[in-house]
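Each chain gets a letter, A, B and so on, in the order the sequences are listed, and its residues count up from 1. When reading the values below, keep in mind they use all heavy atoms of this one structure, side chains included, and skip hydrogens, waters and symmetry mates.
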There are 2 protein chains.
Amino acid sequence: MSAPKLLLVEDDTALAELVEYRFRGEGYDVRTTDDGDEALLLAAEDTPDLVLLDWMIGGTSGIEVCRRLRRNKSTAHVPIIILTARSDEDDRVRGLETGADDYVTKPFSPRELIARVGAVLRRVRPALAGETITVGDLALDPTAHRVTRRGQAIKIGPTEFRLLRHFMEHPGRVFSRGQLLDAVWGSGSDIELRTVDVHIRRLRQAIAIPGAADPVRTVRSAGYALEGV
Amino acid sequence: MSAPKLLLVEDDTALAELVEYRFRGEGYDVRTTDDGDEALLLAAEDTPDLVLLDWMIGGTSGIEVCRRLRRNKSTAHVPIIILTARSDEDDRVRGLETGADDYVTKPFSPRELIARVGAVLRRVRPALAGETITVGDLALDPTAHRVTRRGQAIKIGPTEFRLLRHFMEHPGRVFSRGQLLDAVWGSGSDIELRTVDVHIRRLRQAIAIPGAADPVRTVRSAGYALEGV
DNA sequence: GGCGCACGTCACGACAGCGTAACAAATGTC
DNA sequence: GACATTTGTTACGCTGTCGTGACGTGCGCC
């Protein structure tokens with residue numbers, strides 16, 4: 001549920017197994033493939049939270065996988081860490097140009113890789129790294145499953161919690177009802193769009209405290225957003 | 001249960017005796033072997049809390065023992081400290097890649113090794129370092145196998161003890177039933193998820209005292225957590 | 001052997017939380 | 001201002017989850 005999902009694309013089987021093992025030990029949910037095309041499929045059917053991408057793989061080259069991940073809407077914003085054997089500067093530039101978030105040259109220690117992954121996740125989605133996220137006077141602790149506003153605890157149901165968490169991971173950004181259904185309920189759920197409204201109301205009710213403005217903004221005919229800072 | 005169990009794999013008999021002697025003096029339960037294969041057997045039949053592994057030993061090489069410890073489910077998460085004569089950087093990388101937790105180069109003072117072992121145990125499982133952990137008005141003494149609340153002794157069964165200890169090692173954090181089964185019952189035990197509920201109830205009953213709130217929090221559709229401070 | 005204890009499982013009941021529909025209110029359009 | 005569209009709000013039935021008591025079993029101890 002809250003374990004960050006990694007997609008590992010690596011054709012060195014031994015290395016892949018090692019990395020997979022260590023990350024599982026760290027509480028990650030890892031899926032592995034040695035093929036670029038399969039990677040794109042896997043990423044499409046269940047969007048990972050981060051992609052570890054070998055630079056040179058069979059099927060499609062790493063740079064191509066990177067580009068195509070970016071092109072696809074659901075995977076466009078997934079952070080990517082490139083693994084490469086060459087410490088060549090040209091490659092580094094090309095990798096980052098293609099939209100990779102970080103760059104690790106082989107040989108690396110799993111510990112180093114774990115640290116890098118942690119760093120990228122902390123930067124991109126703090127809640128996935130188990131860190132408390134703060135937006136305005138709201139604070140959400142994902143590991144303790146706790147929400148506070150101005151220091152006082154908020155009683156909140158599971159769905160509202162996930163909804164709020166999604167908002168707090170992208171403060172200020174407007175989400176359509178469909179996007180919220182995908183992100184909070186899961187992409188395969190056929191739920192009425194209007195159901196979102198009800199949960200927005202419940203969320204508003206839950207985080208409402210007297211004398212404070214409602215941080216949930218309605219954007220007419222577009223969706224909802226959390227007031228960022 | 002209370003004394004941390006060490007497995008020492010070392011073929012320098014004099015050194016092994018010295019280390020063993022010193023650690024026994026510190027209250028550890030030490031078993032020693034000079035053979036890699038025997039080490040794996042010993043580890044399998046009675047999972048140690050930490051393995052001290054010489055890099056170069058007869059039978060199987062240290063790195064191989066390390067790998068095979070990791071591959072076995074019951075020993076997969078046991079911390080390993082590598083002892084090596086070479087301060088060579090390549091080895092260091094390879095050792096950590098294989099999943100060792102720390103690395104001590106010979107010659108070392110027993111005092112240093114004791115400190116490192118303590119540090120690793122504290123990091124991995126605070127209760128094994130023999131320190132009493134305190135959360136709120138609860139206190140748990142892992143060596144004496146005793147729990148007190150507001151100073152008064154609590155009668156508690158073995159499973160509830162391990163459950164409470166796990167909670168107290170991670171106060172405030174929410175664990176799913178599956179995670180609790182892995183952590184308290186051991187991974188690979190096929191126990192019904194709902195069994196956790198029953199033991200949660202028994203734990204609640206055990207630590208309940210009149211006029212005090214229940215420190216075990218139910219997080220609906222997520223799991224349970226111990227109220228942190 | 002008899003006893004007590006701790007354990008894992010089950011079944012039942014309670015209820016929180018969910019999704020939906022229906023109606024009220026607000027907002028935008030001409 | 002009249003209308004259409006979008007959103008807010010409420011009520012309701014249903015499902016899934018949780019708490020709880022009871023039961024059978026295995027094990028060690030006396």
Rounded to whole Å, how long is the line connecting atom [atom1] of [X] with atom [atom2] of [N]?
X: B:Leu180; N: D:dC18; atom1: CG; atom2: P; answer: 12 Å
X: B:Glu192; N: D:dT17; atom1: CD; atom2: P; answer: 14 Å
X: B:Gln205; N: C:dA6; atom1: CD; atom2: P; answer: 13 Å
X: A:His199; N: D:dT7; atom1: NE2; atom2: P; answer: 17 Å
X: A:Ile191; N: C:dG17; atom1: CD1; atom2: C1'; answer: 13 Å
X: B:Asp197; N: C:dC15; atom1: CG; atom2: P; answer: 17 Å
X: A:Leu163; N: C:dG19; atom1: CG; atom2: C1'; answer: 15 Å
X: A:Leu193; N: C:dA21; atom1: CG; atom2: P; answer: 12 Å

Point to revise | A:Val196 vs B:Thr159, nearer the 5' end of DNA chain C by closest nucleotide | key: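 This one resolves to B:Thr159.
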Check your understanding: Within the modelled atom types, does a donor on one side and an acceptor on the other bring the side chain of B:Arg202 and the base of C:dG8 under 3.5 Å apart?
Key ->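 In this structure, the two groups form a donor-acceptor pair.
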**Study point:** Side-chain donor/acceptor of A:Arg220 to base of D:dT5, under 3.5 Å
**Key:**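 Per atom types, the contact qualifies.
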For the side chain of [X] and the backbone of [Y], is there at least one donor-acceptor N/O pair under 3.5 Å apart?
X: B:Asp49; Y: B:Lys5; result: yes
X: B:Arg204; Y: B:Val216; result: yes
X: A:Thr218; Y: A:Arg220; result: no
X: A:Arg162; Y: A:Val184; result: yes

Practice item. Describe the nucleic acid contact of A:Phe161 in one word from base, sugar-phosphate, nothing, applying a heavy-atom distance below 4.0 Å. Key: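 Contact class for A:Phe161: none.
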Practice item. For B:Thr218, answer base if it contacts any base atom (sugar-phosphate contacts may also be present), sugar-phosphate if it contacts only those atoms, and nothing otherwise; contact means non-hydrogen atoms under 4.0 Å. Key: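 Counting heavy atoms under 4.0 Å across all strands, the contact made by B:Thr218 is with sugar-phosphate only.
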Check your understanding: Are A:Thr143 and A:Asp141 close enough that a side-chain donor and a side-chain acceptor fall under 3.5 Å?
Key ->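 A:Asp141 and A:Thr143 do have a side-chain donor-acceptor pair below 3.5 Å.
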From the options [options], select the nucleotide whose nearest atom is closest to the side chain of [X].
X: B:Val198; options: C:dT20, D:dT10, C:dC10; result: C:dC10
X: B:Arg201; options: D:dG21, D:dT10, D:dG8; result: D:dG21
X: B:Pro158; options: C:dA6, C:dA21, D:dT9; result: C:dA6
X: A:Arg194; options: D:dC18, C:dC18, D:dT7; result: D:dT7
X: A:Thr195; options: C:dG19, D:dT9, C:dT9; result: C:dG19

Is the distance from OP1 or OP2 of [N] to the nearest side-chain N or O of [X] less than 4.0 Å?
X: B:Lys155; N: C:dC5; value: no
X: A:Trp185; N: C:dG19; value: yes
X: A:Tyr224; N: D:dG8; value: yes

Practice item. Verify whether the ring centers belonging to A:His166 and A:Trp185 lie closer than 6.0 Å. Key: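 They do not qualify: ring centres at least 6.0 Å apart.
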